[in-house]
Structure formats: C-alpha cells, structure tokens
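Structure first, commentary second.
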Amino acid sequence: RIETTTKLNQIPEYIQKQHKGFREWDFVSSKHDHQTILQILIDGRDTNAVAIEGNPLPTLVYLAREKRPQYHHHFKAGSMNALIRVSSKITNAPIILNVDCDMYSNNSKTIKSSLCIFMDEEKGDEIGYVQFPQCFYNLTKNEIYGSSLRVLLQLEVLGFDANGGPSYMGSGCFHRRETLCGKKYEKNYKVDWKKINDKKVSETASFLEETCKVLASCTFEHNTPWGKEMGLKYGTPVEDVVTGMSIQCNGWKSIYLNPEREGFLGVAPITLLQNLVQHKRWAEGELQLFFSRYCPLLYGHRKIPLKLQLIYSTYKLWAANCLATWYIVVVPCLCLLKGISLFPKISSPWVLPFVYVTFVHRAYSLAEFLWCGGTFRGWCNDQRIWLFKRTTSYLFAFFETILKLLGHSQLNFVVTAKVADEDVSKRYDQELIEFGAASPMFDILATLAMLNLFGSLGASKKATMDADQDSKVLDQFGLQILLCLVLVTINLPVYQALFFRKDNGKMPTSVMYKSIVFALLACMLAMY
C-alpha cells in the first residue's frame with residue numbers, strides 16, 4: 001500500500017474513507033499551502049486498541065503541519081519542532097526517538113539498550129541523547145560509492161565518546177525531551193522515572209486533536225525561542241549537528257551505540273550524482289557553521305572540552321580540503337608537461353620522506369578499512385569517491401559558502417533523491433558507476449581525468465623520445481609521473497564511461513567533448 005501510494009502520489013480512496021485526516025487532503029490545492037492536519041489514529045489509552053495477537057498498541061498520531069507560501073517552514077528542523085510540541089501535549093513521553101522517513105528499525109533491542117543508558121543510576125542522568133550509526137541495507141559488496149563511511153562510523157566517531165560524546169547525526173537517535181527543549185544540565189539533576197510514568201493525559205482524543213493544531217501552525221513560533229534556544233536550530237542545512245553541539249554546550253553528554261546487529265537501516269544513494277549532491281550539502285552546511293556563531297571554537301569555548309571542539313572543527317573544514325586536492329590533481333600534471341620538477345630526484349635521499357609518508361599513510365588507511373570489515377576493492381572505491389567528492393562536492397560547497405558570506409548567494413536545502421528506475425538499480429547492483437546525467441560536477445571529473453591522462457602520455461613521450469635521456473627523466477620526474485599514473489588508475493571508470501560504455505549510465509557526449517577541449521587548453525597553456 002505504501003509503495004502504491006508513493007508511486008501514484010495519492011492515497012487510495014478506500015483508505016481515505018477510513019480516516020478523516022486523510023480526507024482533509026481533498027480540500028487542499030497544494031502540499032505547500034494547507035492547514036494543520038492532525039488525527040490520533042490509535043489512542044494508546046483505549047483498552048480496545050490491541051494488535052491481532054492481543055498485545056496493546058501504542059498511541060499513533062498523523063500530523064501534517066500547516067504550510068503557507070509566505071512563511072518559511074524550515075524544512076526538517078521545522079517538522080521536528082512541530083512534532084516535539086504536539087507530542088508534548090498528547091503523551092509528553094520523556095524520551096524521543098528520531099528516525100528519517102527512509103530508515104527503519106532493524107534491532108528490537110535498541111529501545112531497551114538506550115533506556116538502560118538513560119536510567120543508569122551513576123551516569124544516566126547526564127546523558128542528553130544516545131546516537132546509533134547510520135547504516136544502509138542496499139550497499140553493494142564493494143561499496144561502489146563508499147556510502148557506508150565505514151572507518152568514520154566504526155573508528156572516528158568512537159573518539160567523540162571519550163571527549164563528551166558523538167554529534168547528533170539527524171536520525172537513529174534517542175533524545176531526552178528536556179534537552180531538545182533547551183534545558184541545561186545541573187550537577188545534582190536527578191530523574192524520578194516512577195513519577196514521570198505516573199503522569200497521565202486526561203483529555204479526550206478529539207479534544208487533543210483540536211487544541212494541538214495551533215502548536216503546528218505557521219505563526220506559533222513567532223517571537224518564541226523555538227529554532228534558537230529550543231528545539232532543532234534553524235538557518236543551516238546541518239541542523240542536526242548544531243542541535244547536538246548546543247545540547248553538549250548546555251552541559252549534557254551523549255553516547256554512541258554501535259551494536260553488532262545494526263539498530264537502524266536506511267537507503268544509500270545509488271547514483272554518483274546523488275552521492276555528490278548529498279556530500280555537497282553536508283560540506284556546505286558544515287563550513288557555514290564554522291564561519292557562523294556556531295563555530296565550535298567560539299560557541300563551544302569553555303562549554304565543551306577543547307578536544308571535542310577540535311574534533312568538530314575537523315568535519316567543519318571538509319569543504320576546504322578541495323583546495324589541497326585540486327593542487328595535487330592539477331599542478332603536478334601541468335608542471336610535468338612544462339618540465340618543472342616539484343619533488344626531489346629519485347636518486348636523492350630527500351625522496352625518502354615523501355615515499356615513506358605516501359606509502360605508510362595509504363597502508364594505514366587500507367589496514368583500517370579492512371579491520372572495519374571492508375574489502376580491498378571496497379577500499380579502492382572509497383579512495384576514488386573521496387577524490388571525486390573533494391574535487392567536485394567540496395569545491396562547490398566551498399565557493400557557495402564564500403559567496404553566501406559575501407551576500408551573493410541564498411541558503412537552499414537540497415533533498416537527496418533516493419528513488420531510481422530499474423536500469424539504474426541494475427547497474428548499481430553490478431557495481432557500475434552511474435554517470436548518465438549532464439552535470440557541472442561530471443564536467444570537472446572528466447576534465448581532470450583527461451588532464452592527467454594527457455600528462456601521463458606527455459611524460460611517456462618525453463621519456464621514450466630520447467633513449468639517452470630516459471633515465472634522467474625518470475630520475476627527475478619519477479614521483480610526478482607516478483602521481484599522474486595513480487590518478488589515471490583511479491579515474492579508469494571515468495575513461496570507460498567517456499569512451500567505452502554503451503549503456504545509459506555512460507557519460508553524456510557533451511561532457512566528453514567539453515572535457516577533451518578544456519584539458520587540451522590547460523595543457524597548451526602550461527606548455528606554451
């Protein structure tokens with residue numbers, strides 16, 4: 001029923017007749033312009049609300065908050081805040097679980113594990129939220145797009161735990177309601193769980209439906225702390241990170257739980273463009289935070305440990321990595337064509353530090369990836385995707401953030417599409433990278449790939465033209481030639497998509513022509 005409704009973008013008529021909340025959509029002209037629609041579908045207090053097996057059912061509420069074109073709805077953060085307010089009147093449960101719409105529970109013990117942490121007699125009262133990793137059920141064996149973020153979630157995030165706790169990741173998170181409502185942690189704070197459980201809501205379901213609608217209206221938040229000191233924070237594409245950091249700055253700690261059986265599973269992007277757009281949004285939001293009042297080094301000063309401030313700052317500066325990566329990808333190649341050496345000669349002892357750092361760092365990266373359960377091919381794919389992201393997603397994120405700071409760009413929120421046709425899904429299962437769309441990001445990837453290919457061919461020509469000079473060229477430019485060859489190897493799927501693939505996932509012809517022209521122009525400018 002859910003799949004049919006999603007495809008048709010319409011609720012089946014026989015289901016509409018069963019629920020007045022669904023019937024209200026008949027009088028709505030646009031999903032961006034409608035009144036608050038609220039219905040308590042199951043009232044957990046009703047003794048007749050039982051499942052087929054006879055077990056009691058929990059309260060289930062349908063809410064579509066009011067939206068009007070003249071009011072900013074603040075995307076996901078606005079939805080979460082409306083849900084927090086409405087649920088506070090209907091059940092007011094002390095713990096809130098937040099799960100994205102494309103994720104589902106995969107482990108029934110997550111609730112029990114989280115409650116055990118919150119109710120721990122020694123440390124439980126200082127925990128603001130319990131975060132589970134974001135895992136995906138549709139990953140391929142070798143993770144063609146590196147979507148699992150395997151090392152980050154299994155190793156790096158654990159480093160947060162020793163310094164105040166992980167950041168809030170936006171999904172798969174159990175929150176203490178009070179922390180989301182802006183409460184600051186006090187040293188002698190204690191929760192009387194028995195007293196909380198004894199609280200009962202006396203109003204009828206119909207009365208609650210009518211009185212709670214105003215809490216989800218467009219105007220309710222005007223001149224209130226919501227979106228600033230209360231609820232999820234507004235004004236950034238990464239509202240989850242800011243919210244989590246502000247909770248920690250209020251004195252609360254967080255816990256990272258990564259059980260052997262994944263707690264929650266979601267859908268990973270299955271095309272390269274979806275992946276790059278998603279990371280562009282993340283990197284842009286993180287960099288905006290670094291240049292805002294929420295910069296960890298300023299906002300977290302004397303509120304959270306210095307180590308935690310530095311950990312946050314590392315991720316905030318993801319987008320700035322594009323500058324160093326572009327230098328590595330472009331400059332050595334052009335200097336090779338011009339005959340300018342950037343590294344020590346192979347025969348020089350000064351080459352040893354470069355060789356040592358390069359090979360040991362990559363070997364360490366591979367060992368980490370394999371230790372976290374990945375494969376060698378998966379590691380290669382991960383390295384390729386990091387290069388793609390740094391030269392495209394992070395580049396656009398960096399310059400759009402700079403333009404926004406200068407007042408030339410407005411904040412926008414891009415939702416990552418997760419639905420694809422059957423052919424795309426088939427190629428994803430075969431671990432073929434999907435390039436079948438025209439995009440400036442693909443123009444950049446193809447141009448950089450062609451540039452390094454031309455650079456490698458130019459170096460090969462220079463070395464083979466004069467046999468006497470062969471050893472001298474390799475001695476002087478050995479590391480630069482090796483770097484170009486490594487980049488060519490990483491970009492093999494790009495060359496296949498440009499020249500050899502015949503399916504719909506190949507590079508558009510326009511991208512092929514543009515990349516060749518731009519790469520040749522860059523080579524000519526470098527040589528002459």
Side-chain angles (χ1 to χ4, degrees), residues 21 24-25 27-40 61-94 96 98 100-101 128-129 168 170 173 175-184 201 203 206-250 252 281 284-285 288-289 291-295 298-299 404-405 407 409-415:
E24 286 190 52
W25 284 102
F27 308 100
V28 173
S29 58
S30 169
K31 61 182 180 181
H32 302 295
D33 185 8
H34 62 81
Q35 74 282 11
T36 298
I37 301 176
L38 173 65
Q39 183 183 351
I40 299 177
V61 181
Y62 175 82
L63 171 66
R65 61 190 170 121
E66 182 185 20
K67 286 186 180 179
R68 302 298 178 190
Q70 63 270 30
Y71 293 102
H72 201 307
H73 56 75
H74 301 293
F75 311 108
K76 176 181 174 180
S79 294
M80 282 281 292
N81 288 343
L83 288 165
I84 292 169
R85 292 192 298 270
V86 171
S87 65
S88 68
K89 293 296 182 183
I90 296 177
T91 59
N92 201 31
I96 295 174
N98 154 227
D100 276 351
C101 63
Y129 58 87
Y168 168 37
C173 188
H175 285 276
R176 193 185 294 275
R177 180 183 291 274
E178 293 173 314
T179 63
L180 286 176
C181 294
K183 181 180 175 62
K184 294 186 177 182
V201 178
E203 293 88 349
S206 57
F207 179 81
L208 288 171
E209 286 176 354
E210 291 304 316
T211 55
C212 288
K213 286 183 178 180
V214 67
L215 301 176
S217 65
C218 293
T219 57
F220 181 84
E221 295 180 344
H222 286 191
N223 299 318
T224 71
W226 283 98
K228 306 178 189 73
E229 285 82 32
M230 294 179 67
L232 273 72
K233 303 297 184 284
Y234 294 156
T236 170
V238 285
E239 68 290 317
D240 46 5
V241 178
V242 184
T243 302
M245 186 170 62
S246 66
I247 289 173
Q248 291 172 330
C249 287
N250 282 339
W252 300 93
R281 178 169 65 84
E284 184 178 354
Q288 286 175 13
L289 291 189
F291 291 120
S292 72
R293 63 184 287 258
Y294 292 114
C295 174
L298 300 176
Y299 189 72
K404 183 178 183 297
L405 291 173
S409 178
Q410 294 296 320
L411 173 70
N412 55 6
F413 188 93
V414 180
V415 178

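We're numbering straight along the sequence, starting at 1.
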**Q.** Under the side chain to side chain donor-acceptor pair (under 3.5 Å) test, residues paired with S206 that sit two or more places apart
**A.** T204

Q.
If you compare all heavy atoms of P237 against all heavy atoms of G285, which two are closest, and at what distance to 0.1 Å?
A. CD-CA, 3.9 Å

Q. Taking it one step at a time, do W252 and R176 satisfy side-chain contact (heavy atoms from CB on, under 4.5 Å)?
A. CA-CA 10 Å; W252 300 93; R176 193 185 294 275; 3.7 Å; yes

Q) K228 and T224: which non-hydrogen atoms are nearest, and at how many Å? A) NZ-O, 3.5 Å

**Q.** Residues D100 and K76 bridged, charged N to O under 4.0 Å
**A.** yes

Q: Evaluate the side-chain contact (heavy atoms from CB on, under 4.5 Å) criterion for residues C249 and M245: first the C-alpha distance (whole Å), next the side-chain angles of each, then the deciding distance (0.1 Å), finally the verdict.
A: CA-CA 6 Å; C249 287; M245 186 170 62; 4.3 Å; yes

Q. Using the ring of each side chain (for Trp, its six-membered ring), is H72 parallel, tilted or perpendicular to H74, with breaks at 30° and 60°?
A. parallel

Q) Which heavy atom in D33 sits nearest to a heavy atom in R68, and how many Å separate them? A) OD1-NH1, 2.8 Å

Q. Which distance, rounded to the nearest 0.5 Å, do you find between the CD1 of I90 and the CG of L208?
A. 6.0 Å

Q: Measure the acute angle between the ring planes of H175 and Y168, then classify it against the limits of 30° and 60° as parallel, tilted or perpendicular.
A: perpendicular

Q | Atom pair OH/OG1 of Y294 and T243 - distance to nearest 0.5 Å | A | 8.0 Å

Q. In this structure, which one of T36, L83, V86 forms a side-chain contact (heavy atoms from CB on, under 4.5 Å) with L215?
A. V86

Q: Answer yes or no: is there a donor N or O on one side and an acceptor on the other, between the side chain of R65 and the main chain of N81, under 3.5 Å?
A: no

Q.
Could you report the tightest heavy-atom contact between H34 and K31, atom names first, then the distance?
A. CD2-O, 3.2 Å

Q: Measure the shortest side-chain to side-chain distance between K233 and S246 over non-hydrogen atoms and say whether it is less than 4.5 angstrom.
A: yes

Q.
Please enumerate all residues that pass side chain to side chain donor-acceptor pair (under 3.5 Å) together with E221, with sequence neighbours excluded.
A. R85, Y234

Q: Using the test ring-ring contact (aromatic ring centres under 6.0 Å, His included), find all partners of F220 that sit at least two apart in sequence or belong to another chain.
A: none

(Q) Do E66 and Y71 make a side-chain contact, defined as non-hydrogen atoms from C-beta onward lying under 4.5 Å apart? (A) no

**Q.** By ring-ring contact (aromatic ring centres under 6.0 Å, His included) - contacts of Y62 (at least two apart)
**A.** F22

Q: List in chain and number order the residues that pass side chain to side chain donor-acceptor pair (under 3.5 Å) with E178, two or more places apart in sequence or in another chain; answer none if no residue qualifies.
A: Y189

Q) Any side-chain heavy atom of Q35 sitting closer than 4.5 Å to one from E24? A) yes

Q: Using distance alone, with no hydrogens and no angle criterion, decide if K89 and T211 have a side-chain donor and acceptor under 3.5 Å apart.
A: no

Q: State, to 0.1 Å, how close W226 and G231 come at their nearest heavy-atom pair, and which atoms those are.
A: CZ3-CA, 3.7 Å

Q: Go through the structure and list residues passing salt bridge (charged side-chain N to carboxylate O under 4.0 Å, His left out) with R177, not counting sequence neighbours.
A: none

Q: Look at the side chain of N98 and the backbone N and O of C173, then say whether any donor-acceptor pair between them is shorter than 3.5 Å.
A: no

Q: Specify the closest pair of heavy atoms between N92 and S88, including all atoms of both residues, with the distance to one decimal.
A: CB-O, 3.1 Å

**Q.** Student check: side-chain heavy atoms of T236 and S292 closer than 4.5 Å
**A.** no

Q | Side chain to side chain, I96 and I84, heavy atoms closer than 4.5 Å | A | yes

Q. Is atom NZ of K184 surrounded by more than 12 heavy atoms (other residues, nucleotides or ligands) closer than 6.0 Å?
A. no

Q) Is any side-chain heavy atom of L232 closer than 4.5 Å to a side-chain heavy atom of L180? A) yes

